[in-house]
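Notes follow once the structure below has been shown.
Nothing here was measured: the structure is a model prediction, and the numbers come from that model.
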Amino acid sequence: MKFWKKRKTEPPPDPRVAGVVPCAGSSTRMGSSKALLDAGGRSFLAATVGSLVAGGCDPVVVVLATGQTDEERRARDAGALPLLNPEPGDGPITSLRIAIQALGDSVEGVALLPVHHPCVLPETVTVLNQALLEGDAPLVLPSFEGKRGHPAFLRRTLFPELLDPSLEGGARSVVHAHLTEALVIDVEDAGVVLDIDTPEAYARAFPAGRSL
């Protein structure tokens, strides 16, 4: 008589939130690659990726345009997975869609952090990440002194809306559509509302700044 051993089943993996850094834009307003600007001793790209990684996002992906070889190298060095957006002209939503499609069913949500928000603290990412994983809100946002900011944490239940080709207004319109359901967390982190998208904003934030 044979006795069959009961096969051990692997426990399901812990839910994860992926970090997404859209970086395929042309940086027209800045006049040079925002990803390579100095954010106090490291590049904007290294700063945004670093905060997401240290804040518990796994994996972190950086979506790049064709030809951004320096940015691709720096993304890998910072611990991120580079993805290619061959047609970034339609705005950051195209990069977010590429990230969502690449991640598939492996994550519970994504933390969207544009590369021109390099001053977000890792501790802020940790708080928002835990809030998404431990709660049921479709959307988790930080707020500093009454103003909402980045990163935006979007649960996977919002992915179909974000992937809808008829969506107008990009991810911003999905965020606005679900604000009444969102969990907005007050944080002591001015970086969540510091949008460094022009030379003037860069000069104010980093007076001695330069490209790295």
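Salt bridge status for Glu200 with Arg204: absent, with no side-chain N to carboxylate O gap under 4.0 Å. Taking a cutoff of 4.0 Å between a charged side-chain nitrogen and a carboxylate oxygen, Glu108 and Arg16 do not qualify as a salt bridge. Between Asp70 and Arg73, at least one side-chain nitrogen of the basic residue sits less than 4.0 Å from a carboxylate oxygen of the acidic one, meeting the salt-bridge criterion. A salt bridge links Asp105 and Arg156; the closest N-O separation between the charged side-chain nitrogens and carboxylate oxygens is under 4.0 Å.
Proximity of Leu83 to Asn85: side-chain heavy atoms (C-beta onward) are nowhere separated by under 4.5 Å. When side chains are defined from C-beta on, Val61 does not count as touching Pro82, because their heavy atoms never get closer than 4.5 Å. Residues Glu161 and Leu167 have side chains not in contact (no heavy-atom distance under 4.5 Å, counting atoms from C-beta outward). With a 4.5 Å cut-off on side-chain heavy atoms, Val175 and Leu141 count as touching. At a threshold of 4.5 Å between non-hydrogen side-chain atoms, the residues His178 and Leu158 count as touching. The side-chain heavy atoms of Phe44 and Ile196, taken from C-beta on, include a pair separated by under 4.5 Å. Residues Pro118 and Leu194 fail the side-chain proximity criterion, which asks for heavy atoms closer than 4.5 Å. A heavy-atom distance below 4.5 Å is found between the side chains of Arg148 and Leu179.
With values rounded to the nearest 0.5 angstrom, Gln101 atom CD is found 5.5 Å from Leu163 atom CG. Distance check: Arg74 CZ to Ser43 OG gives 5.5 Å after rounding to the nearest 0.5 Å.
The minimum heavy-atom distance linking Ala99 with Val63 is given by the pair CB-CG2, 4.2 Å. Considering every non-hydrogen atom in both Pro138 and Thr157, the closest pair reads CB-OG1, 4.1 Å.
With Tyr202 contributing its side chain and Leu37 its backbone, the two residues share no donor-acceptor pair below 3.5 Å. Although no hydrogens or angles enter the test, the distance criterion places no donor-acceptor pair under 3.5 Å between the side chain of Ser51 and the main chain of Thr48.
Following chains of ILVMFWY side-chain contacts shorter than 4.5 Å, one can reach Val20 starting from Leu139, so the two form part of one hydrophobic cluster. Hydrophobic clustering, with ILVMFWY side chains joined whenever heavy atoms are under 4.5 angstrom apart, keeps Leu183 apart from Leu154. At a threshold of 4.5 Å between side-chain heavy atoms, the hydrophobic network of Ile, Leu, Val, Met, Phe, Trp and Tyr places Phe153 and Leu96 in two separate groups. A single hydrophobic cluster is seen to contain both Val174 and Leu112, as judged by linkage of ILVMFWY side chains at heavy-atom distances under 4.5 Å, directly or through other members. Note on Val60 and Val110: separate hydrophobic clusters, where clusters join Ile, Leu, Val, Met, Phe, Trp and Tyr whose side-chain heavy atoms are under 4.5 Å apart, directly or indirectly.
Ring orientation note: the planes of His150 and His117 are tilted relative to one another, at an angle of 30° to 60°.
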Starting from the C-alpha separation in whole Å, work towards a yes-or-no answer on side chain to side chain donor-acceptor pair (under 3.5 Å) for Ser173 and Glu168.
-> CA-CA 7 Å; Ser173 63; Glu168 295 183 0; over 6 Å; no
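The 12-atom threshold is not exceeded at CZ of Arg172, counting heavy atoms of other residues, nucleotides or ligands nearer than 6.0 Å.
Listed by chain and residue number, Thr124, Pro142, Ile185, Asp189, Val192 satisfy the side-chain contact (heavy atoms from CB on, under 4.5 Å) test with Val187 (two or more places apart in sequence, or in another chain).
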